[in-house]
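In each ligand, atom 1 is the first atom listed, and ligand 1 is the first ligand listed. Only this structure's heavy atoms are used, side chains among them; waters, hydrogens and symmetry mates stay out. In this chain, residues are counted from 1 in sequence order.
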Amino acid sequence: MTPNIPEPILNLLQEIGEVGGEGTYLVGGFVRDLLLKRPSLDIDIVVEEDAIRVAEAMGNRWNGTVHVHPQFGTATVTPANPNLPKIDFVTARRETYESSAALPTVAYGTITDDLCRRDFSINALAMQLDTNAFGTIVDKTGGLEDLEKRTIRVLHKRSYVDDPTRIFRACRYAGRYGFRIADSDTVLIRKALPILAKLSGERIRNEIDRILLEENAPRIVGQLAEFGAYDSIFTGWQISPSFASDFQAAQHAIVWASEHLTDEEFQPELVRWMSLFSTRTAIYQIEALSFRLVLTHQLRRLVSRTQASQHSVSLEKVTHAVFEKLGLPLSQNASIEYHNGKWCIVDADTPASEGTTYVCGEGNLYRIETPLTAYRQLSLALAALQETVKPSEIYRLLKPYPIEALVLASGSKSIATWKREKIRDYLLVLRKVQPFITGEDLIQLGKKPSRTFETQLWELFAAQLDGKISKKEEAYSRLRTLV
Ligand code: CTP
């Protein structure tokens with residue numbers, strides 16, 4: 001099978017085999033993809049004796065950098081040649097799971113232990129790298145047969161219970177390669193579904209992130225829906241039936257953005273996430289879900305009750321959902337009160353001594369601001385738009401939204417073509433317009449910042465956006481009339 005390996009990689013692997021000797025293997029995704037004749041750059045090496053020793057020797061040989069993690073017996077080598085991939089070295093290990101959905105306990109072992117700890121037979125294949133047997137496939141679990149039969153199959157009955165992320169992984173590989181999940185696995189997955197609820201938000205998000213990077217994401221997302229996976233992650237979460245077309249629109253919009261926009265901070269993965277939380281999902285649900293999936297990582301800011309009410313978010317609903325998912329369910333009697341500039345959540349059914357009050361923020365609990373709700377909010381705002389809208393009104397309407405929401409809306413078939421054109425026009429031109437007169441200019445004219453000052457600036461800028469003034473001098477003379 002070595003003929004399928006590109007020559008520079010083949011050379012690297014042969015060198016690793018020369019240095020590591022017997023007990024040095026190429027494992028996992030690279031071997032699987034090699035047998036499927038698909039390209040792969042993820043090179044994972046398992047060494048039975050001491051992976052760090054081999055990694056350091058390879059680092060020297062390739063003038064590369066070596067990052068060692070002695071506590072895990074692993075190291076990553078990045079060759080000096082930028083055309084060569086980084087390579088992960090791991091000492092062979094066995095794993096035991098003390099409780100479901102927790103991370104495993106690890107101990108050193110043989111290559112057989114290392115292969116048998118893995119998720120699916122198609123991922124439990126290794127290729128010998130030592131010079132005498134270079135290229136020989138090690139298959140202890142029927143992986144070659146499953147590749148032949150195009151089947152996803154775990155290695156033992158507890159696999160999905162030990163690590164429920166494998167439910168996502170099974171669907172991801174099935175969708176990517178067009179394989180089927182073995183009937184026996186379908187039964188095991190259904191049994192393990194309730195354990196998905198135990199996974200941390202971060203681990204779930206990570207799996208969904210990886211799914212959304214797949215070309216066949218709709219098929220994968222659909223298969224997870226057939227298993228009822230989403231409801232186990234977050235009660236009541238349903239994927240919109242239009243996800244396949246929403247995702248396709250998102251992919252096209254991302255391509256358009258990569259060709260036309262130069263914004264460094266543009267995050268394509270956010271566009272894909274927004275397409276997952278369709279316009280039919282209630283905002284409070286997206287927020288509670290985002291909170292569940294990101295925990296506090298992306299918690300950008302908490303906004304005031306007034307702002308929240310403008311966006312039709314129910315504090316009560318979000319709070320209950322969030323606390324439930326945090327494993328701190330509030331009773332129905334929980335009251336949410338505002339005291340001395342702070343929001344207090346008092347759970348009346350729990351004795352005060354057990355810490356029943358959660359105090360949130362500087363007077364703000366409220367809307368959990370994640371960019372994921374932005375697309376839903378934007379769709380609502382666009383619904384009211386009239387075709388006679390002026391450029392300045394478009395500017396004002398679209399300015400608060402993150403670029404990812406605008407990009408998705410610009411590609412969404414459920415939004416009228418003329419509205420999408422206006423959004424693209426905003427993205428390409430309008431948002432880049434620089435005002436003829438800025439706050440700095442007004443201060444130089446001896447004005448003090450005030451609300452009137454803000455209004456005047458905006459009026460001037462709006463006139464400029466609407467083409468009523470086209471020169472700085474015109475802006476100044478108009479300013480005099482405003483004064
Ligand atoms: N693995 C596992 N159980 C998991 C995650 C990973 O057994 N929950 C094992 C699999 O054997 C997998 C290897 O760890 O082949 C590396 O994991 P990962 O990088 O996620 O898998 P790849 O096969 O490289 O996946 P992809 O092709 O998507 O990059």
Within the side chain of [X], is there an N or O that forms a donor-acceptor pair under 3.5 Å with the backbone of [Y]?
X	Y	result
K140	L115	no
E404	Q267	yes
R272	L213	no

* Report the nearest protein non-hydrogen atom to atom 8 (N) of ligand 1: residue, atom name, distance rounded to 0.1 Å. =>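 Nearest protein contact, heavy atoms only, for atom 8 (N) of ligand 1 is D163 OD2, 2.7 Å.
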* Closest approach of any protein heavy atom to atom 27 (O) of ligand 1, naming residue and atom -> R32 NH2, 2.7 Å
* Structure fact -> Check: of R38, R118, E207, min heavy-atom distance to atom 9 (C) of ligand 1 comes from R118
* Structure fact -> Among R203, R210, E95, the residue with a heavy atom nearest to atom 19 (O) of ligand 1 is R210
Below 3.5 angstrom, do we get any N/O pair linking [X] and ligand 1?
X	value
D44	no
R169	yes
R172	yes
Y173	yes

Classify the contact between [X] and ligand 1 as side chain, backbone, both or neither, using a heavy-atom distance cut-off of under 4.0 Å.
X	answer
D119	both
D42	side chain
Y177	neither
R176	side chain

Any side-chain donor near an acceptor of the partner, [X] and [Y], under 3.5 Å:
X	Y	result
T110	D113	yes
D130	Q128	yes
Y177	R32	yes
D50	Y108	no

* Asked: Within the structure, does at least one protein heavy atom fall under 4.0 Å of atom 16 (C) of ligand 1?
  -> no
